[in-house]
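Working notes for the structure below.
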Amino acid sequence: LAKTTQPISMDSYEGQEVNITCSHNNIATNDYITWYQQFPSQGPRFIIQGYKTKVTNEVASLFIPADRKSSTLSLPRVSLSDTAVYYCLVGDTGVDSSYKLIFGSGTRLLVRP
Amino acid sequence: DAGVTQSPTHLIKTRGQQVTLRCSPKSGHDTVSWYQQALGQGPQFIFQYYEEEERQRGNFPDRFSGHQFPNYSSELNVNALLLGDSALYLCASSPTGLESTDTQYFGPGTRLTVL
């Protein structure tokens, strides 16, 4: 059962900033929040990961409020090649501390010219 | 440095047959996880291997089994194939199985079609 909720789809235009918000009300204390990008018939690609506050890398920013019950992936100035499915996920740590990813259905982002 | 590799790329089988999919992890990674992704859905966790043993398992029947070799490569075996097993099978590797922050790197997947 997915532990995250995110919009099914979003539309944007080239050059705009896109913010995708994810809800994870039952996030555990030791869970990190990770975002992946996936193109059709390819494996998911890691975008960014964070625990709290703000994380930024060369492709995106991740904003996490203090209660950690949600997070927002921000993609600055999207291009057509950013059209993909974006997954927000939290981990699931087993009793032996092993770690697995639980994917939801993702957000299908369509970037228009 | 090669990333995660999977073979074969595509595979067509008939109902009742058995299939073996292979995965080589990214260099330096010792943990391998397998996922099944049906068309239009997110990947579903099958199981994870670390130190040649299955560590965690998702909600998949015993028809799905796996193995990890001393070089950390892994195989996914599916017996008695059903039409519903048609999917993209993804392998992901990570550097250790003991840290909750591990980033998992995915391979390109194997597209299995069951007729």
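No hydrogens, no waters, no symmetry mates; every other heavy atom, side chains included, goes into these values.
The distance from atom OG of A:Ser41 to atom NE2 of B:His10, rounded to the nearest 0.5 Å, is 6.5 Å. Between the CD1 atom of A:Ile47 and the OG1 atom of B:Thr103 there is a distance of 12.0 Å, given to the nearest 0.5 Å.
Heavy atoms of other residues, nucleotides or ligands lying less than 6.0 angstrom from OH of B:Tyr72 number 12 at most.
Shortest non-hydrogen contact noted between B:Leu90 and A:Pro44 is CD1-CD, 3.7 Å.
The cluster map of Ile, Leu, Val, Met, Phe, Trp and Tyr, joined by side-chain heavy atoms under 4.5 Å apart, puts A:Val111 and A:Tyr13 in different clusters. No path of Ile, Leu, Val, Met, Phe, Trp and Tyr side chains, each step under 4.5 Å between heavy atoms, connects B:Ile12 with B:Val19, placing them in separate hydrophobic clusters. Residues B:Leu82 and B:Leu88 do not share a hydrophobic cluster, defined by chaining ILVMFWY side chains whose heavy atoms lie under 4.5 Å apart. Follow the hydrophobic side-chain contacts under 4.5 Å out from B:Val4 and you never reach B:Leu21; the two are in separate clusters. Clustering ILVMFWY residues whenever any of their side-chain heavy atoms sit less than 4.5 angstrom apart, transitively, puts A:Phe63 in a cluster other than the one holding A:Leu109.
In this structure, A:Phe103 and B:Phe106 have perpendicular ring planes: the angle between them is above 60°, well past the 30° mark.
Of the two parts of B:Pro43, the backbone and the side chain both hold a non-hydrogen atom closer than 4.5 Å to a non-hydrogen atom of chain A. Looking at B:Gln37, only its side chain comes within 4.5 Å of chain A, counting heavy atoms on both sides.
Ranked by heavy-atom pairs shorter than 4.5 Å toward chain B, the options A:Gln42, A:Arg45, A:Arg108, A:Gln38 are led by A:Gln38.
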